Amino acid sequence: MADLKSTFLKVYDVLKKDLLEDPAFEWSPDSSQWVEKMLDYNVPGGKLNRGLSVVDSLKLLKEGDGLTEDEIFLSSTLGWCIEWLQAYFLVLDDIMDASHTRRGQPCWFRLPKVGMIAVNDGILLRNHIPRMLKKHFRNKDYYVDLLDLFNEVEFQTAHGQMIDLITTLEGEKDLSKYTESLHRRIVQYKTAYYSFYLPVACALLMAGEKLESHIEVQNILVEMGTYFQVQDDYLDCFGDPETIGKIGTDIEDFKCSWLVVKAFQLSNEEQKKLLLENYGKADPGNVAKVKALYHELNLQGVFEEYESKSYEKIITSIEAHPSKAVQAVLKSFLGKIYKRQK
């Protein structure tokens with residue numbers, strides 16, 4: 001795995017060099033230094049799970065044939081396109097949420113010389129993706145399918161972000177709107193398509209498959225993405241900050257979290273009143289009351305039951321798939337997230 005990651009990071013350097021020498025723009029020392037710094041700060045700093053999953057998935061689809069150097073480079077390039085997409089979303093998301101830190105360092109827009117230039121940097125990150133696809137995939141049969149795929153997933157993710165943002169509008173805090181179906185829609189569009197479906201779809205296209213033949217694979221991965229986000233919501237409240245690397249703020253931020261949806265469902269009138277009075281307030285006393293109610297309602301037990309039912313449902317769907325190679329890809333994804341602690 002360490003080997004795969006070091007190869008993957010070398011591909012980043014190649015792609016960055018290509019972009020900084022793109023002939024469509026006349027570069028000056030200032031502009032190339034800015035873009036290089038912006039890329040290094042925002043693109044390779046995460047866990048790289050999404051990007052590495054493209055390479056992993058292609059290996060499994062090839063069923064032990066091993067990947068050629070060219071296939072490793074191309075699947076890594078698609079992996080980086082997903083990491084670029086993620087960086088673009090995060091740079092803009094941090095501005096919208098007025099966040100302070102990302103991946104253990106100040107958000108890009110918080111740096112003294114950056115500020116609102118970060119909006120244009122987000123647009124640049126988005127525009128780098130078709131440049132990379134054009135340079136490395138233009139002569140491939142599946143080039144148009146790749147462009148379509150990235151455009152469609154970006155469209156879905158931006159709309160997921162929109163539902164999330166308009167749901168938590170200041171001055172319109174209404175917990176009764178927070179239903180399981182709303183939570184599911186936000187998660188499906190904001191997270192599941194780009195984090196779970198996109199890496200596998202890229203690998204399927206490289207393996208010569210048509211995506212319309214794999215609607216069931218998409219459905220299973222969206223289900224997995226939903227389960228992943230429910231885990232995230234659970235860990236935000238019940239996880240160990242040392243392990244997950246951040247202090248959860250979903251209660252203070254009035255997030256449409258799976259926990260608050262469940263709490264509202266399970267509460268009697270008095271408990272609902274307590275939730276309405278305390279949820280979405282930054283004061284530690286209010287947060288403590290919400291957490292105490294979560295314990296009272298045994299949301300830990302409710303989550304454990306949800307987790308085992310989800311796992312059963314997903315495994316049954318995977319094992320019903322006719323292709324053993326596709327099953328291996330899906331099981332590999334599920335193995336990475338089942339009962340995770342961070």
Side-chain angles (χ1 to χ4, degrees), residues 1-19 39 43-88 125 128-154 157 192-214 217-218 220-221 224-225 321 323-337:
M1 188 64 193
D3 220 27
L4 172 60
K5 195 165 181 176
S6 64
T7 307
F8 190 66
L9 286 165
K10 282 180 190 144
V11 174
Y12 167 76
D13 292 328
V14 174
L15 297 171
K16 180 176 75 171
K17 187 170 182 291
D18 285 347
L19 289 165
L39 290 177
V43 179
K47 296 189 284 285
L48 308 179
N49 288 343
R50 292 168 182 83
L52 289 164
S53 294
V54 182
V55 190
D56 273 347
S57 299
L58 186 62
K59 273 185 182 163
L60 291 166
L61 289 171
K62 301 270 290 185
E63 296 189 271
D65 283 350
L67 300 183
T68 64
E69 264 185 52
D70 191 45
E71 285 170 330
I72 291 170
F73 178 80
L74 290 176
S75 56
S76 297
T77 299
L78 291 180
W80 279 113
C81 286
I82 299 172
E83 294 294 335
W84 247 265
L85 187 69
Q86 156 101 329
Y88 148 62
L125 287 162
H128 286 162
I129 298 165
R131 306 306 289 172
M132 293 187 277
L133 293 176
K134 182 179 176 182
K135 182 168 175 73
H136 298 289
F137 294 91
R138 196 172 183 179
N139 62 349
K140 303 289 181 194
D141 295 342
Y142 53 89
Y143 175 56
V144 172
D145 295 321
L146 272 180
L147 292 175
D148 270 354
L149 173 66
F150 273 89
N151 286 337
E152 184 141 324
V153 168
E154 184 194 354
T157 310
Y193 283 111
Y194 94 92
S195 299
F196 285 80
Y197 173 61
L198 183 55
V200 175
C202 284
L204 284 167
L205 287 174
M206 273 197 73
E209 297 286 329
K210 286 282 174 215
L211 294 183
E212 53 270 29
S213 316
H214 289 284
V217 170
Q218 178 176 315
I220 293 168
L221 286 160
M224 252 189 252
H321 197 282
S323 158
K324 286 284 182 232
V326 171
Q327 280 191 32
V329 170
L330 296 171
K331 281 182 176 173
S332 151
F333 261 78
L334 186 57
K336 286 174 194 160
I337 62 168

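What you see is a predicted model, and the numbers here were worked out from it, not measured in a lab.
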### Query
Does Lys336 NZ have over 12 foreign heavy atoms under 6.0 Å away?
yes
#### Entry: Side chains of Leu39 and Leu125 in contact at under 4.5 Å (non-hydrogen atoms)
yes
#### Entry: Worked check of side-chain contact (heavy atoms from CB on, under 4.5 Å) between Leu48 and Leu9
CA-CA 10 Å; Leu48 308 179; Leu9 286 165; 4.0 Å; yes
### Query
Just wondering, do Leu15 and Glu83 contact through their side chains at under 4.5 Å, heavy atoms?
no
### Query
Just checking, is any N or O donor in the side chain of Tyr88 or Glu154 under 3.5 Å from an acceptor N or O on the other one?
yes
### Atom pair CG (Asp56) and CG (Leu4), whose distance is rounded to the nearest 0.5 Å
6.0 Å
### Heavy-atom pair with the smallest gap, counting every atom of Ile337 and Met224
CD1-O, 3.9 Å
#### Entry: Any Tyr143 side-chain heavy atom under 4.5 Å of Leu147 side chain
yes
### Query
Does the side chain of Leu146 come within less than 4.5 Å of Leu78's, by heavy atoms?
yes
### Task
List the steps, then state whether side-chain contact (heavy atoms from CB on, under 4.5 Å) holds for Lys16 with Val43.
CA-CA 10 Å; Lys16 180 176 75 171; Val43 179; over 6 Å; no
### Query
Taking C-beta and beyond as the side chain, do Ile82 and Val153 meet within less than 4.5 Å on heavy atoms?
no
### Query
Taking all non-hydrogen atoms of both residues, which atom of His136 and which atom of Asn139 are closest, and how far apart?
O-OD1, 4.4 Å
### Query
Quick one: are Asp145 and Lys210 in side-chain contact, heavy atoms under 4.5 Å?
yes
### Query
In terms of heavy-atom contacts, does CG of Asp13 have more than 12 from other residues, nucleotides or ligands at under 6.0 Å?
yes
### Task
Compare every heavy atom of Ser75 with every heavy atom of Leu67, then report the nearest pair and how far apart it is.
CD1-OG, 4.4 Å
### Query
Glu209 versus Tyr142: any side-chain heavy-atom pair under 4.5 Å?
no
### Test side-chain contact (heavy atoms from CB on, under 4.5 Å) applied to Leu198 and Leu85, step by step
CA-CA 11 Å; Leu198 183 55; Leu85 187 69; 3.8 Å; yes
### Message
Is it true that, when you exclude Glu152 itself, more than 12 heavy atoms of the residues, nucleotides or ligands shown sit nearer than 6.0 Å to its CD?
### Response
no
## Note on the structure
One should read off an interatomic distance between Leu58 CG and Ser76 OG, to the nearest 0.5 angstrom, of 10.0 Å
### Any donor-acceptor pair under 3.5 Å from Gln327 side chain to His321 backbone
yes
### Query
Is Val55 close to Thr7 at the side-chain level, that is, under 4.5 Å between some pair of heavy atoms?
no
#### Entry: Atom of Lys62, atom of Glu71 and distance for their closest heavy-atom approach
NZ-OE2, 2.8 Å
### Message
With a 3.5 Å distance limit and no angle check, can you tell me whether Ser57 reaches the backbone of Val54 through a side-chain donor-acceptor pair?
### Response
no
### Task
Supply the atom-to-atom distance Phe196 CZ to Leu330 CG, rounded to the nearest 0.5 angstrom.
11.5 Å
### Query
Do any N or O atoms from the side chain of Trp80 and from the backbone of Phe8 form a donor-acceptor pair under 3.5 angstrom?
yes
### Summary
Output for pair (Ile129 CD1, Arg131 CZ), nearest 0.5 Å, gives 13.0 Å
### Message
I need the Gln218 CD to Leu204 CG distance, nearest 0.5 Å.
### Response
11.0 Å
### Message
How close do Ser195 and Phe333 get, counting heavy atoms only, and between which atoms?
### Response
O-CE2, 4.3 Å
### Query
Between the side chain of Ser332 and the main-chain N/O of Ala328, is any donor-acceptor distance below 3.5 Å?
no
#### Entry: OG-CD distance between Ser323 and Glu63, expressed to the nearest 0.5 angstrom
6.0 Å
